[in-house]
Structure formats: C-alpha cells, structure tokens
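Down below is the structure, laid out as structure tokens.
Each ligand, and each atom within it, is numbered from 1 in the order the structure gives. Side chains are part of it too, since the values below use all heavy atoms of this structure and drop only hydrogens, waters and symmetry mates.
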Amino acid sequence: MFHRSARPALQAPAPEISFELFPPKSDAGLPAFDAAVDALNAFDPAYFSVTYGAGGSTRDRTRACVDRVRARTGRPVAHHLTCVGADRAEIDDMARELWGSGIRRIVALRGDPPDGAPYVPRPDGYAFAADLVDGLLKVADFDLSVSAYPEVHPQAESAQSDLDALKRKFDAGAARAITQYCFDTDTVLRFVDRARAAGIEGTICPGIMPISNFKGMARFSERCGAGVPDWLREMFDGLDETPDVRAMVAASVAVEQSRRLAAEGLTEQHFYTLNSAPLTRAICRALGLRERAAAEAA
Ligand code: FAD
C-alpha cells in the first residue's frame with residue numbers, strides 16, 4: 001500500500017521545511033548559533049523550533065533562544081515544552097506568558113526524567129502529551145505539534161497502544177505530529193498508512209536527521225528507540241577520519257529519504273539540524289531549495 005507513487009523520487013516536489021534547534025549550553029555558543037540560524041533562515045523555512053532540555057532543564061535558555069530566533073528571523077518559532085518537572089499550574093502560567101509574548105506555536109511533549117529513571121506521572125502534573133495538549137488549548141488557541149514514533153516509542157505497551165496515544169493527541173487538538181527520525185523510509189510510510197487506517201487525518205511531518213556525527217547519533221538512537229540499519233552502519237564504516245566524505249554520504253542519505261517521502265505526499269518535513277548549518281544547507285540545495293539571496297540574484 002505504501003508504494004503508491006510510481007513517480008521517480010527525482011521528480012518529487014521540494015518539501016516545505018522547518019528546522020529544529022537546541023539552546024547552546026552557554027552564551028559562548030551564541031555567535032555560532034546565530035550564524036547557523038542566519039544560514040538556515042535563508043531557505044525560508046515555515047518555522048523554527050527550539051528544544052526543551054530533559055526534565056525542563058533548559059527552561060530559561062529555551063525561552064531566550066525562541067525570542068532570539070524570532071527577533072533575528074521574524075519567523076514563527078515553536079517552543080518545545082514537556083510535562084515533566086512542573087505541575088499543571090506552573091505549565092499553564094508559562095503558557096499564558098508565552099501567548100502574551102506572541103509565541104503561538106508549541107511542540108507539546110511528555111518528556112523524560114533527567115536521570116534516565118522510569119517515567120512516573122506526577123499527581124499534580126500533566127501525565128502524558130495528550131493531557132498537555134488539552135491543557136494548553138484551555139489556556140489559548142496555540143498551534144500545537146506533537147511527537148510520533150514510526151518505530152514505536154520505547155516505553156509503549158505495543159505499536160497499537162502507541163498509535164492510540166497519537167490519536168488521542170490529535171483528538172485533543174494537535175495540529176500536526178512530527179516524527180522521531182527513522183532511517184528506514186518504508187517504516188515511515190507504513191506508519192503513516194497505519195495512522196490513516198486508524199482514523200488519524202492530521203498532518204504527519206517526518207523528522208529527518210542529517211547525520212553529522214555517526215557515533216553520537218548511534219548512541220542517542222539506542223536511548224530513543226530509533227533503529228540504525230546495517231546498510232547505514234556499512235555506509236559510515238571507516239569514515240571516522242574523513243569528515244568531508246562522511247558529510248557527503250550523510251547528505252545523500254538525507255536527500256534520498258526526503259525526496260522519497262515528498263514523492264509519497266509527505267511534503268512537510270522537519271530537519272533535526274543540531275545547530276549545524278552546512279550539512280542541512282547542502283541537503284536543502286540538493287532538494288532544489290535555494291537561499292533567498294541566491295534565488296533573487298538568479
Ligand atoms: P507521549 O506521547 O505522552 O507518549 C509517551 C509514552 O506513553 C508512549 O510510550 C505512549 O505510548 C505512552 N502513553 C501515552 N498515553 C498514555 C496513557 N494514557 N497511558 C499509558 N501510556 C500512555 N524531549 C525533551 O525533553 N525535550 C524536547 O524538546 C523534545 N523534543 C522532541 C521532539 C520530537 C519531534 C520528538 C519525536 C521527541 C522529542 N522529545 C523531547 C523526546 C520526548 O520527550 C520523549 O520521546 C518522551 O519519552 C515521550 O514524550 P512524548 O511527548 O512522545 O510522550
């Protein structure tokens with residue numbers, strides 16, 4: 001069912017892109033952060049998003065970076081927000097403050113405890129992301145994104161219960177789901193088909209991970225339940241000392257996935273930039289996107 005399109009991936013429409021950033025650890029990282037934002041902004045993304053550290057640990061820095069990117073680009077910026085580490089009243093207050101400052105987009109998540117401990121909902125908190133979506137929409141009419149897991153969230157009881165959880169998030173009012181990155185494009189497409197069959201009609205926006213550091217990505221993937229296929233390991237095997245070659249391989253992997261997803265109708269795509277512009281720029285260029293100045297000069 002997922003091989004719907006006979007169109008060659010090369011003729012896929014250029015995707016509508018958005019870029020995820022994370023707040024730098026300290027002010028020393030801000031010049032590089034700004035440079036990345038400027039380079040990425042030139043591609044006219046639909047929006048940026050800024051992550052929230054585990055357990056809410058980057059609360060102030062996330063907010064400062066959201067303001068910074070909004071001021072620098074004039075674009076919508078989604079503030080990631082998690083249920084963990086705060087009670088409902090604190091989250092509602094924060095949401096009111098975000099709305100009052102003109103922030104309209106939130107990526108609403110459950111989050112994880114900071115120390116890797118099992119997640120236990122706090123009695124005075126929002127238990128799951130669907131509850132957070134419901135609570136935030138009682139505060140104001142936010143544009144809310146939520147997560148989705150083509151390879152199933154690692155703590156889900158089953159693939160079906162995870163899909164039910166996604167449906168609850170849409171039923172509560174989420175505007176779109178951004179997927180965890182998943183290198184097996186067939187798995188993403190099958191997941192979208194299963195979501196549609198389960199009555200989920202909202203936008204599913206694939207998250208695409210440009211691989212700037214293979215080992216780091218592989219370590220993170222173990223924690224978040226994303227698979228690292230053998231073919232991908234083989235592609236990067238032995239390239240630790242040749243970053244240029246590695247970057248070219250990484251770009252080709254992301255471009256191929258993006259084109260195939262776009263050819264299958266998944267034209268809204270979210271790039272996990274890890275605050276590094278060059279690889280994402282190369283990918284955007286290869287997808288047929290141009291920086292504004294370059295396009296205007298042409
Ligand atoms: P939920 O959708 O609430 O689901 C969590 C788990 O609980 C799933 O296994 C689900 O099946 C299960 N579940 C849901 N509802 C119920 C229920 N009623 N009863 C029993 N089980 C239930 N983390 C951060 O800390 N900061 C970030 O900025 C951040 N950004 C992210 C962005 C994206 C696009 C993605 C995909 C993930 C992001 N994460 C972030 C990671 C996320 O916080 C973790 O994956 C976390 O473990 C789950 O959060 P969730 O919102 O997906 O949870």
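Closest to atom 51 (O) of ligand 1 among all protein heavy atoms lies Arg110 N, 2.7 Å. The protein heavy-atom contact nearest to atom 10 (C) of ligand 1 is Asp162 OD1, 3.3 Å. Remark: minimum distance from atom 48 (C) of ligand 1 to any protein heavy atom is reached at His153 NE2, 3.4 Å. Looking at atom 44 (C) of ligand 1, its nearest protein heavy atom turns out to be Asp112 OD2, 3.4 Å.
Counting only distance, with no hydrogens or angles, the side chain of Ser101 and the backbone of Ile103 share no donor-acceptor pair below 3.5 Å. Between the Tyr119 side chain and the Ala127 main chain, a donor and an acceptor come within less than 3.5 Å of each other. The main-chain N or O of Ile204 is never found under 3.5 Å from a side-chain atom of Arg176 such that the two would form a donor-acceptor pair. For the pair Ser258 (side chain) and Ala254 (backbone), a donor-acceptor distance under 3.5 Å is absent.
Residue contacts with ligand 1: Gly111 is included, with a non-hydrogen atom under 4.0 Å away. Residue-ligand proximity: Lys169 is placed with a non-hydrogen atom under 4.0 Å from ligand 1.
Looking at Thr185 and Gln257, their side chains do bring a donor and an acceptor atom within 3.5 Å of each other.
Here Ala129 has heavy atoms under 4.0 Å from ligand 1 in both its backbone and its side chain. Counting heavy atoms under 4.0 Å from ligand 1, residue Thr82 touches it through the side chain alone. Within the 4.0 Å heavy-atom criterion, the part of Arg168 lying near ligand 1 is the side chain and not the backbone. With a heavy-atom cut-off of 4.0 Å, His80 touches ligand 1 through its side chain alone.
Short contacts between ligand 1 and Ala165, defined as distances under 4.0 Å to a heavy atom of the residue, involve ligand atoms 11 (O), 14 (C), 15 (N). Every atom of ligand 1 is numbered from 1 in the order shown, and the set under 4.0 Å from a heavy atom of Gln180 is 36 (C). Each of the atoms 35 (C), 36 (C), 50 (P), 51 (O), 52 (O) of ligand 1 lies under 4.0 Å from some heavy atom of Ser147. Shown in contact with Thr51 at under 4.0 Å from a heavy atom are these atoms of ligand 1, numbered in order with element: 28 (O). The contact set between ligand 1 and Gln155, taken as ligand atoms under 4.0 Å from a residue heavy atom, comprises 9 (O).
For the pair Arg105 and Tyr47, the cation-pi criterion (under 6.0 Å, within 45° of the ring axis) is fulfilled.
Proximity of Arg290 to Arg285: side-chain heavy atoms (C-beta onward) are separated by under 4.5 Å at one or more points. Contact of the Gln180 side chain with the His153 side chain is not registered, since no non-hydrogen atoms from C-beta on lie closer than 4.5 Å.
Closest heavy-atom approach to atom 25 (O) of ligand 1 among the candidates Tyr126, Tyr181, Tyr52, Tyr272: Tyr52. Around atom 17 (C) of ligand 1, the closest heavy atom drawn from Tyr149, Phe128, Phe22 belongs to Phe128. Residue Leu109 holds the heavy atom nearest to atom 31 (C) of ligand 1 of all those in Leu166, Leu81, Asp131, Leu109.
Remark: ligand 1 and Glu20 share no N or O pair separated by less than 3.5 Å (distance only, no angle test).
Enclosure of atom CZ in Arg59 is not indicated, since only 12 or fewer non-hydrogen atoms of other residues, nucleotides or ligands lie within 6.0 angstrom. More than 12 heavy atoms of other residues, nucleotides or ligands shown are found within 6.0 angstrom of CD on Gln155.
Interatomic distance, Glu16 CD to Thr203 OG1, rounded to the nearest 0.5 Å: 9.5 Å.
Within the 4.0 Å cut-off (strictly below), no protein heavy atom is located near atom 4 (O) of ligand 1.
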Side-chain atoms of residues 205-220: list all donor-acceptor pairs with protein atoms under 3.5 Å, sequence neighbours left out, distances to 0.1 Å.
| from | atom 1 | to | atom 2 | distance (Å) |
| --- | --- | --- | --- | --- |
| Asn213 | OD1 | Lys215 | N | 3.2 |
| Asn213 | OD1 | Gly216 | N | 2.8 |
| Lys215 | NZ | Asp240 | OD2 | 3.0 |

